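Take a look at the structure below.
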Amino acid sequence: MKRWIAPSILALFVVGMLIYGINFYQQEQIEQAKEPIRGEIIVYTDLPNTLTAMLAERYEEEQKVKVTVMPLTEEQMSQRSASTVADTSGDLVLTSEDNLVIGANAGKYMPIVNERIDEVRDNLKDPNGYWVGIWYDPIVFVQNDTFHNGIGKYITTWDTLGKQGDWSIVMTDFVASQNAANLLYNMVEYKGEPEALEYLYSLKPHVVQHAKFLSTPIRLTALGETNIGIGNLSDAAQYSHHGYPIKVIYPKDGTSYYVTGAAVLKNSKHKADSVEFINWLLSSKTAKYMVEKNFTYIFTNPEMDEPKDSMGHDLVLWPVNGGYTLEGKKLLLNHWVSQVRFRKD
């Protein structure tokens, strides 16, 4: 019996330490839960509810500041940004570059300049500090492996994509969303309207579907139902991460991109808390958390590595400024519908 005394004492000690550890952890969680909310900010946004709710919950958990999200549609946000009589209550906006540029021109935001914002590249923020980009999502080509192993490996530019050949393309209908239409707006700014519309028309023999959802071109390519999908890197990265047989290709002649950023409203009653929230959004810790939750954007924080494509190439962005007005967008969309989408020769 004596030989069991030492092991029994050791086992009791281990069990006691486990019980102590569990009780300590539970008490710590209870104490943390008792910490009072030290502030509150109101955020107007047209981003997906799943994303904004996740960020709001995480921020409150970490910083003890309540984030009340006021969801708007893309159209509501565009109108709110441009209107001089729109309600200016609230603290912060989280939306596209276009809306931020329009809002800044309308004098809706207060300038903010600090070290973290200063590190963001100049083309991803307002030169006067009225808004800053948090992340961006470029347009890429996605090819299924079978096609890429043949002629696909030679189709790595917008120019080659429009050449004559036997390949199929799926892309998102520009009317489907502001994000999808951004390719049209960027291309018109970069090439000029006549050349851009003529180029998009040259793709028609290849385009077998104008999808209604942003992820559809990537999904159909991953399933082998089309040779090439034109879509967002964020969607392509998720399919690649899950092992689908695709190649993600950055167009060598540059590409369109969609910036999402933040600004503090001039009439905010919680300016300091709002700036803190923007700094938190810009942090590498928050970026890594978003990636863990499958929001795989390219972040403007220079500490975050910019991913290469499947060929090991760096991303090339078109030198565009954005900030397209609601009226200008509608006009371009109408021209695309009449001169490209439903054009009859």
Side-chain angles (χ1 to χ4, degrees), residues 47-48 51 54-55 94-98 100-101 114-127 131-143 148 153 155-158 161 179-180 182-183 185-187 189-190 214-215 217-218 221-222 228-244 246-262 278-322:
L47 301 185
L51 172 56
M54 180 195 77
L55 292 173
L94 193 57
T95 185
S96 69
E97 177 185 10
D98 289 348
L100 292 168
V101 170
N114 58 40
E115 185 176 356
R116 175 148 284 170
I117 291 174
D118 191 52
E119 293 173 344
V120 176
R121 282 162 34 190
D122 289 344
N123 66 321
L124 299 171
K125 63 185 178 184
D126 181 77
W131 61 268
V132 61
I134 309 295
W135 62 76
Y136 61 99
D137 205 3
I139 293 293
V140 299
F141 302 159
V142 175
Q143 300 179 4
H148 180 80
K153 58 179 170 287
I155 304 175
T156 58
T157 66
W158 290 100
L161 184 70
N179 194 324
N182 194 63
L183 170 58
Y185 310 144
N186 280 181
M187 188 176 287
E189 182 182 353
Y190 180 58
L214 291 168
S215 61
I218 312 300
T221 306
I228 302 172
I230 301 175
N232 293 332
L233 175 62
S234 58
D235 294 315
Q238 291 187 33
Y239 277 86
S240 181
H241 176 73
H242 286 95
Y244 283 87
I246 59 172
K247 292 290 187 292
V248 180
I249 299 170
Y250 297 160
K252 291 182 180 179
D253 45 357
T255 194
S256 166
Y257 60 103
Y258 189 85
V259 179
T260 297
I278 290 178
N279 288 338
W280 179 81
L281 289 172
L282 285 167
S283 70
S284 56
K285 180 180 179 181
T286 301
K288 291 173 183 176
Y289 174 71
M290 288 179 62
V291 172
E292 288 173 3
K293 297 298 182 180
N294 289 322
F295 293 99
T296 48
Y297 304 113
I298 298 182
F299 297 91
T300 63
N301 183 333
E303 296 175 4
M304 297 296 292
D305 293 332
E306 189 173 277
K308 297 181 182 294
D309 71 2
S310 298
M311 307 298 103
H313 298 144
D314 291 321
L315 182 66
V316 178
L317 300 177
W318 286 335
V320 293
N321 297 316

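Each residue takes its place number in the sequence, starting with 1. Quick caveat, the model's predicted, so the values are computed rather than measured.
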Distance, nearest 0.5 Å, that separates [atom1] of [X] from [atom2] of [Y]:
{"X": "Leu51", "Y": "Tyr297", "atom1": "CG", "atom2": "OH", "value": "5.5 Å"}
{"X": "Thr296", "Y": "Asp235", "atom1": "OG1", "atom2": "CG", "value": "7.5 Å"}
{"X": "Asn279", "Y": "Ile117", "atom1": "CG", "atom2": "CD1", "value": "6.0 Å"}
{"X": "His241", "Y": "Asn294", "atom1": "NE2", "atom2": "CG", "value": "6.5 Å"}
{"X": "Thr260", "Y": "Leu47", "atom1": "OG1", "atom2": "CG", "value": "5.5 Å"}

Strictly distance-based, threshold 3.5 Å: is any side-chain N or O of [X] a donor or acceptor partner for the main-chain N or O of [Y]?
{"X": "Lys252", "Y": "Val316", "value": "no"}
{"X": "Ser283", "Y": "Trp280", "value": "yes"}
{"X": "Trp318", "Y": "Gly254", "value": "yes"}
{"X": "Glu189", "Y": "Asn321", "value": "yes"}
{"X": "Thr300", "Y": "Ile134", "value": "yes"}
{"X": "Asn182", "Y": "Tyr257", "value": "yes"}
{"X": "Asn301", "Y": "Leu282", "value": "yes"}
{"X": "Thr221", "Y": "Gly229", "value": "yes"}
{"X": "Lys247", "Y": "His148", "value": "no"}
{"X": "Thr255", "Y": "Ile139", "value": "yes"}

So which heavy atom on [X] is nearest to which on [Y], and how close?
{"X": "Leu100", "Y": "Ala262", "result": "CD1-N, 3.8 Å"}
{"X": "Gly133", "Y": "Val259", "result": "CA-CG1, 4.0 Å"}
{"X": "Ala236", "Y": "Val140", "result": "CB-CG2, 4.2 Å"}
{"X": "Leu161", "Y": "Ile228", "result": "CD1-CD1, 3.8 Å"}
{"X": "Tyr250", "Y": "Asp309", "result": "N-OD2, 3.0 Å"}

With heavy-atom distances below 4.5 Å as the criterion, would you say the side chains of [X] and [Y] are in contact?
{"X": "Ile249", "Y": "His313", "answer": "no"}
{"X": "Ile155", "Y": "Gln143", "answer": "yes"}
{"X": "Asn186", "Y": "Tyr258", "answer": "no"}
{"X": "Pro138", "Y": "Leu233", "answer": "yes"}
{"X": "Ser240", "Y": "Ile246", "answer": "yes"}

Over 12 foreign heavy atoms within 6.0 Å of [atom1], [X]:
{"X": "Lys153", "atom1": "NZ", "answer": "yes"}
{"X": "Tyr244", "atom1": "OH", "answer": "no"}
{"X": "Glu306", "atom1": "CD", "answer": "yes"}

Parallel, tilted or perpendicular: which describes the rings of Trp158 and Phe141, with under 30° parallel and over 60° perpendicular? perpendicular
Determine, step by step, whether Tyr136 and Glu97 satisfy the side chain to side chain contact (heavy atoms under 4.5 Å, CB included) criterion, reporting the C-alpha distance in whole Å, the side-chain angles of both residues, the deciding distance to 0.1 Å, and the verdict. CA-CA 10 Å; Tyr136 61 99; Glu97 177 185 10; over 6 Å; no
Evaluate the side-chain hydrogen bond (donor to acceptor under 3.5 Å, both in side chains) criterion for residues Asp137 and Ser234: first the C-alpha distance (whole Å), next the side-chain angles of each, then the deciding distance (0.1 Å), finally the verdict. CA-CA 6 Å; Asp137 205 3; Ser234 58; 2.6 Å; yes
Going through the distances and angles, do Thr286 and Phe299 end up as a side chain to side chain contact (heavy atoms under 4.5 Å, CB included)? CA-CA 10 Å; Thr286 301; Phe299 297 91; over 6 Å; no
Verdict with supporting geometry, Asp314 and Lys308, side chain to side chain contact (heavy atoms under 4.5 Å, CB included): CA-CA 5 Å; Asp314 291 321; Lys308 297 181 182 294; 2.5 Å; yes
Could you go step by step and tell me if Asp118 and Lys125 meet the side chain to side chain contact (heavy atoms under 4.5 Å, CB included) rule? CA-CA 9 Å; Asp118 191 52; Lys125 63 185 178 184; 4.2 Å; yes
With sequence neighbours excluded, tell me which residues meet side-chain hydrogen bond (donor to acceptor under 3.5 Å, both in side chains) with Gln238. none
